Amino acid sequence: MNALFAQHALLPEGWRRDVHIEWNDAGDLLAVTPDTVQPHGVPVACLVMPGMVNLHSHAFQRALGGLTETAGEGPDSFWTWRDLMYRFARNITPEHIEAIAAQLFSECLRHGYTSVCEFHYVQRDQQGAMYARPAQTAERVVAASKTAGIGITMLPVLYSYSGFGEQPLKPEQNRFRTDPADILRIVESLEPLRDAQTEVGVAPHSLRAASIAQVRELLASLPDSRPVHIHIAEQQGEVQQSVARTGARPVRYLLDNIDVDARWCLVHATHLDEGEVASLAASGAVAGLCPTTEANLGDGLFPLEPFLKAGGRFGIGSDSHISQSPVEELRWLEYGQRLLHQRRNVAASAEQRKVGDFLWQGALQGGALAAGRRVGSLSAGLRADLLVLDSEHPNLDGAEPSDVLGSVVFCGNDNLVRDVLAGGRWVVRDGAHMGQDAITQRYKQVLTELRRLRS
């Protein structure tokens, strides 16, 4: 039996006192009992909360951070950034991918993510040929998740076209090329890796890169319980191209042609009209929001307020990993809305007026749906994923539980996560990842190799 006694713990109903948390060796929570007496010999923590789900990750892009922040000859945009990313992806090997992912996942854990959804599209070798094992690069990312100790939902990406109207891929996109049969082979190859810490779904890259017919073909052979993610309406240019080719905006086109439900995550969904906001919320799908990447790429601001009023679900992801902090994603999700509407405390409800609590709990619920795993709260039967906060930090010392998440999300830039339990395993202690030295050493070697290849 494994146990922790929390003086204060964030449960689904809110902060509770004197919570006895028990989990088994398989990493499942057995009991979460508030208002109890501390059992003899059980370790004590002051402030405990559920680990966050990172619902959108391109792990290999971690190594690209900071290398695209030089202005070009003309206006820079998502599209010019994408060209730089393609050139970077040209040189990475499966070994590089694993090392980069392990570094990223260890960083995500230290900052409070205990699960990640990997939107994985580097499937082929540098010459554009499929590897002998079609899931080789996906297997490497899953191996990195095991090394770091983070739970993962692997999402092999369907990527067949360069634009609406089934335009042929460009040469620099050949490493990403897949059709529905390729993705189903990869999913089948990954089946033996599925366990309580690992789920496998699929990800049509976008309506630019996968046709409606292909999405239908893929879904017809996928178990109904598996998560499905898609990039959509990230950029105004994408919306304009969709209207020109299909006669409809991308979210409307998807919803009108595919049965989108709660197993779907629509990543970004930045540019929605009023009808799309209402329809997306009604579908039960999760809006996968990545504010730091969306800001970095100049995407725009998601219509969060009307979406929440319509009952929409949301979660957060770190996408290109210029940040590995859920706090930064949630902070800028709220701050973007404050700038847009020129008022404060936008992400709240009549039931939950504490903005930090609303954001953390809402992102947990949406992230759990998007991951398709038993995560998202401290509840019996779910995975033992939790964070122990540094209660002695000046921002938290003596704080009332009701004020904790306000401080965590909106006060200062120190990482307030002290210890992290993921899948019943302590992977971070006193702010340090248990395998950080070896993981970082390998990552540094990879960066050296990639710089040499670029020069």
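Everything numeric here is computed off the predicted structure, so don't read it as measured data.
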Starting at CZ of Arg216, measure out to CD1 of Ile258 and round the result to the nearest 0.5 Å.
-> 5.0 Å

Can the ring centres of His271 and Phe302 be said to be less than 6.0 Å apart?
-> no

Within the distance-only criterion (no hydrogens, no angle test), does the side chain of Arg383 pair as donor or acceptor with the backbone N or O of Ala422 below 3.5 angstrom?
-> no

Between the main-chain N or O of Glu199 and the side-chain N or O of Arg373, is there a donor-acceptor pair closer than 3.5 Å?
-> no

Carboxylate-amine/guanidinium contact Asp385 Arg425, below 4.0 Å | no

OG1 on Thr114 to CE on Met52, rounded to 0.5 Å = 8.5 Å

Spell out, as yes or no, whether a donor-acceptor pair under 3.5 Å connects the side chain of His8 to the backbone of Pro401.
-> no

Does Glu191 reach the main-chain N or O of Glu188 with its side chain, forming a donor-acceptor pair under 3.5 Å?
-> no

So, Arg62 side chain and Ile100 main chain: donor-acceptor pair closer than 3.5 Å or not?
-> no

Got a sec, which residues hit side chain to side chain donor-acceptor pair (under 3.5 Å) with Trp332, two or more places apart in sequence or on another chain?
-> none

By salt bridge (charged side-chain N to carboxylate O under 4.0 Å, His left out), Asp299 pairs with (sequence neighbours left out) none

Side chains of Asp195 and Thr198, donor plus acceptor under 3.5 Å = yes

Would you say Ser283's side chain and Leu280's backbone share a donor-acceptor pair under 3.5 angstrom?
-> yes

Minimum heavy-atom separation for Val251 to Leu272, with atom names?
-> CG2-CD2, 3.3 Å

Without swapping roles, check the side chain of Asn54 against the backbone of Ser318 for a donor-acceptor pair under 3.5 Å.
-> yes

Atom pair CD/CD of Glu234 and Glu238 - distance to nearest 0.5 Å | 7.0 Å

Over-ring placement of Arg17 relative to Phe5, 6.0 Å and 45° cut-offs = no

Intermediate values then yes/no, side-chain contact (heavy atoms from CB on, under 4.5 Å), Arg331 and Asn413 | CA-CA 11 Å; Arg331 180 182 296 178; Asn413 293 312; 3.1 Å; yes

Say you draw a straight line from CG of Asn415 to CD of Glu107; how long is it, rounded to the nearest 0.5 Å?
-> 11.5 Å

Looking only at atom types and distance, does a side-chain atom of Ser160 sit under 3.5 Å from a main-chain N or O of Ala210, one as donor and one as acceptor?
-> no

Is a side-chain donor or acceptor of Arg263 paired with a backbone partner of Val228 at a separation under 3.5 angstrom?
-> no

Here the gap from Ser57 atom OG to Ile150 atom CD1, rounded to the nearest 0.5 Å, amounts to 8.5 Å

Is the side chain of Glu22 donor-acceptor paired with the backbone N or O of Leu29 at a distance under 3.5 Å, no angle test?
-> no

Glu118 and Arg140: CA distance, side-chain angles, deciding distance, salt bridge (charged side-chain N to carboxylate O under 4.0 Å, His left out) verdict = CA-CA 12 Å; Glu118 180 63 24; Arg140 292 283 189 160; over 6 Å; no

